[in-house]
Structures are given as structure tokens and as C-alpha cells.
Amino acid sequence: ASATPIGFKPVTSGGINGKVFNDANGNGILESGEAGLSGATIALFEVKPDGTPDLTKPLKDASGKPITATTDASGNYSFSGIPSGPVAILVTDPSGKVLTTANNPQVVTVPSGAAVTGAPVGYVQPKIDLTLTPDVTVVTPGDNLPYTAVITNNTPGTITPLNNPVFNVTLPKGVLYDPTKPVTVDGMVIPAGNISVKVDPTDPSRQILTIKLPSSLVNNVPQTVKFNTVVTPAVDPNKPLIAVGQVSATAGAGVTAVSVSSNAVAAAAVGINLGVFSTDTIILGRVYFDRNDNNNFDAGDVPLPGARVSQ
């Protein structure tokens with residue numbers, strides 16, 4: 001009897017090239033003058049029978065390790081010795097960047113003995129503009145001091161909204177957050193669970209107020225946050241009630257406000273009227289004729305008017 005012939009198809013391989021770039025204008029197109037992003041991590045994955053990426057199955061080398069690459073100074077990456085056929089390419093989103101091209105992950109077909117070039121993958125630097133202004137111009141210790149913050153996603157282009165935005169402000173010495181009054185965003189009250197206050201670790205006399213906004217930051221749509229504080233006698237009348245560097249906003253992972261302005265606060269020069277408080281000491285007392293010589297002013301003792309008292 002003769003054995004049934006067994007055939008083997010030779011394993012062929014090819015390469016993959018590609019580029020990750022800084023999409024400066026956020027339009028999702030690699031254009032002249034836009035630089036590459038270095039240090040981005042690229043991984044390869046298998047493709048499902050329906051032609052979509054299977055991100056649960058990384059492509060592995062002969063030793064069983066996932067196949068990855070890192071972009072060079074120009075944002076370029078390359079793979080060689082990749083089995084021919086469909087392969088999925090996934091770029092790990094760089095910290096502080098937002099994807100602008102709708103191609104991550106993407107599927108390419110690796111040819112035998114040649115290389116395929118994947119579509120460029122673009123990212124943009126998010127831009128969150130933030131202003132903070134007081135709602136009054138003069139305060140007296142004991143007064144309420146309301147503030148208005150305007151937070152705007154001004155990232156170039158039209159991108160996915162920035163998720164999980166958070167507003168932070170370090171309050172000046174002598175100014176305390178007022179939890180008895182509501183915090184609002186565009187007129188809607190923020191739940192108490194979205195608001196936290198802690199002591200500034202660098203200055204225990206100050207508070208850090210953190211407000212988690214309930215909705216994402218959509219491009220070019222400002223969100224207006226209003227909160228209240230109380231001015232105490234410990235306030236320093238010689239310092240602005242908010243200074244640049246004491247306010248910030250974040251969204252998503254590693255996205256920070258790159259345009260922070262509280263100049264309006266300094267320009268407004270909130271006046272602090274300390275007139276109702278005094279550092280002078282007042283001494284009160286009584287001079288009287290102690291009839292029963294018991295060192296107490298009681299029934300029968302007579303006040304002595306006109307007595308001279310010296311300090």
C-alpha cells in the first residue's frame with residue numbers, strides 16, 4: 001500500500017512600514033511640515049475571519065514574544081519577517097495626545113517578499129483653554145467671594161470630545177471653599193460626589209478645590225463653572241486672590257490645560273476691605289469704692305467717676 005502524499009506550502013514573509021505623525025491642524029491628513037512622533041509603540045495582531053482586528057491575539061515571534069516596534073525620530077516604524085497575509089497594526093496612544101485619523105487599529109495585507117505601507121496614524125496635542133475670574137471687585141472678611149471659570153476644548157480640528165474633564169484651583173490663604181452653596185456647570189448643579197477639597201501639601205493654610213465636570217469637553221463649546229468661597233480675616237490684602245499657576249484643567253489620560261489664564265483676576269484687583277477688623281487691643285474695667293473690702297464689685301459698692309487710669 002502506498003501512503004497518501006502530504007504537501008506543505010512554503011511559509012512566505014514580508015514587511016510592514018508606516019508612520020505616526022503630529023497632526024498639527026487636527027484634520028486627519030499628513031501634510032507637508034507636520035513632524036513625526038518618535039517613541040510611539042506599534043504592535044501587530046491577528047485578523048479575524050471577518051477581516052477585523054483580533055486584539056486578543058498578538059502576533060508573536062519565534063520565541064513566543066509579541067512583535068512590537070518603536071517609531072524613530074521621524075515617526076517611522078518597520079517590521080520584517082512577518083508572515084504574508086492579513087495583519088492588524090495597533091499604535092499605543094501617546095500620553096497627552098488625541099487620535100485624529102480613523103485608522104487605529106488598521107488591517108494590511110503583507111505581501112510575500114515585499115513590504116506593505118500602512119496608512120499614517122495622526123495625533124494632535126489637545127488644547128484646553130481656562131479662565132478664572134472673580135464675580136465681585138471688593139470683599140470684606142466674612143463676605144462670600146464667588147468665582148467663574150470657563151473651560152473650553154480648543155483642540156485643532158474636529159476630534160472626539162475630551163473625556164473625564166477635571167478643574168482644579170488652589171485657593172489663596174484666607175479664602176475657603178463654601179460647601180453650603182451649589183457648584184454649577186452651565187447652570188446645572190454638580191453632585192457633591194464630584195467635588196473634593198484637600199489641604200495644599202505645600203502650604204497647609206490653603207485649600208485645593210477639585211471639581212469633576214459631569215460631561216465631556218466638546219470642541220469649541222465652553223463650559224462655565226461657578227463656585228463660592230468665603231473670605232476670612234486670614235486673607236492677605238497684598239496678594240491677588242488667584243494667580244496664574246494656581247488653576248488647571250485636565251481631561252482623559254495625561255491631557256492638561258496648555259492655555260491657562262487667570263490674568264483677569266489680577267487685573268480685576270479684588271479689593272480687600274479690612275476696616276471692620278482691628279488689631280488694636282481694647283481694655284475694659286471699673287473703678288469703685290469697695291465698701292466691704294472683699295475685692296468684688298457687689299451690692300452696696302459705689303462707682304468712682306473721674307478716676308485717672310494709666311496703661
Side-chain angles (χ1 to χ4, degrees), residues 17-43 53 55 68-78 89-106 117-133 149-170 185-186 208 210-225 242-265:
N17 300 320
K19 187 179 188 70
V20 181
F21 69 100
N22 180 36
D23 191 1
N25 58 12
N27 67 351
I29 302 172
L30 175 58
E31 298 174 320
S32 176
E34 292 183 327
L37 284 177
S38 63
T41 300
I42 312 339
L55 300 183
T68 63
T70 303
T71 56
D72 61 18
S74 299
N76 298 316
Y77 67 87
S78 64
I89 306 171
L90 177 67
V91 180
T92 300
D93 294 337
S95 176
K97 301 287 185 180
V98 177
L99 182 71
T100 61
T101 52
N103 61 347
N104 191 41
Q106 61 179 298
T117 300
V121 178
Y123 289 90
V124 67
Q125 172 67 53
K127 186 174 188 292
I128 304 175
D129 288 329
L130 170 62
T131 61
L132 180 66
T133 55
V150 179
I151 305 167
T152 309
N153 174 10
N154 283 328
T155 303
T158 302
I159 64 168
T160 302
L162 300 178
N163 298 321
N164 305 315
V166 177
F167 165 68
N168 301 281
V169 57
T170 300
V185 176
D186 296 333
I208 298 176
T210 299
I211 302 172
K212 297 179 180 179
L213 306 188
S215 59
S216 300
L217 295 176
V218 179
N219 275 70
N220 304 312
V221 179
Q223 293 193 27
T224 301
V225 179
I242 294 291
V244 174
Q246 295 174 342
V247 290
S248 66
T250 63
V255 179
T256 58
V258 295
S259 177
V260 178
S261 172
S262 62
N263 293 329
V265 174

Minimal non-hydrogen separation, G26 against T100, with atom names = CA-CG2, 4.1 Å
ask   = Side chains of L213 and V166: closer than 4.5 Å at any heavy-atom pair?
value = no
Shortest non-hydrogen separation from P165 to S215 and the atoms involved = CG-O, 3.2 Å
inquiry  = Just to verify, what does S216 make a side chain to side chain donor-acceptor pair (under 3.5 Å) with, not counting sequence neighbours?
reply    = N163
query = Hey, what do you get for CG (L37) to CG (D72), rounding to the nearest 0.5 Å?
reply = 11.5 Å
key: Gap separating the CG atom of L162 from the CG atom of N219, nearest 0.5 angstrom   = 7.0 Å
request  = Would you give the length of the straight line joining atom CD1 of I211 to atom CD1 of I151, rounded to the nearest 0.5 angstrom?
outcome  = 7.5 Å
inquiry  = If we ignore hydrogens and angles and just use 3.5 Å, is the side chain of N76 paired with the main-chain N or O of N17 as donor and acceptor?
reply    = no
request  = Consider only side-chain N and O atoms of T210 and N168, and report whether a donor and an acceptor are under 3.5 Å apart.
outcome  = yes
inquiry  = Run V121 and Y77 through side-chain contact (heavy atoms from CB on, under 4.5 Å) and show every step you take.
reply    = CA-CA 11 Å; V121 178; Y77 67 87; 5.7 Å; no
task = Apply the test side-chain contact (heavy atoms from CB on, under 4.5 Å) to residues L90 and T92: give CA-CA distance (whole Å), side-chain angles for both, the deciding distance (0.1 Å), then the verdict.
result = CA-CA 6 Å; L90 177 67; T92 300; 5.6 Å; no
inquiry  = Between T71 and G39 (side chain of the first, backbone of the second, donor and acceptor by atom type, cut-off under 3.5 Å), is there such a pair?
reply    = yes
query = Under 3.5 Å, side chain of N25 to main-chain N/O of P156, donor-acceptor pair present?
reply = no
task = Determine whether the side chains of N153 and T155 contain a donor N or O and an acceptor N or O closer than 3.5 Å.
result = yes
note = Rounding to 0.5 Å, atoms CD1 (I42) and OG1 (T70) come to a distance of 7.0 Å
task = Specify the closest pair of heavy atoms between S38 and A73, including all atoms of both residues, with the distance to one decimal.
result = CB-CA, 3.8 Å
request  = Go through the steps to decide whether D186 and Q223 satisfy the test side-chain contact (heavy atoms from CB on, under 4.5 Å), and finish with yes or no.
outcome  = CA-CA 6 Å; D186 296 333; Q223 293 193 27; 4.0 Å; yes
message = Closer than 3.5 angstrom, by distance alone: can the side chain of K97 be matched with the main-chain N or O of N22 as a donor-acceptor pair?
response = no
inquiry  = Could you check whether any side-chain N or O of Q106 sits under 3.5 Å from a backbone N or O of A119, counting only pairs where one atom can act as donor and the other as acceptor?
reply    = yes
query = Where is the tightest heavy-atom contact between L99 and G122, given as atom of each residue plus distance?
reply = CD1-O, 3.4 Å
query = What pair of heavy atoms forms the shortest contact from A149 to L130, and how long is it?
reply = CB-CD1, 4.3 Å
request  = Quick one: pull up CG in N104 and CG in D93 and give me the separation to the nearest 0.5 Å.
outcome  = 6.0 Å
ask   = Looking only at atom types and distance, does a side-chain atom of E34 sit under 3.5 Å from a main-chain N or O of D23, one as donor and one as acceptor?
value = no
ask   = Please walk me through it: do N103 and T101 pass side chain to side chain donor-acceptor pair (under 3.5 Å)?
value = CA-CA 6 Å; N103 61 347; T101 52; 2.7 Å; yes
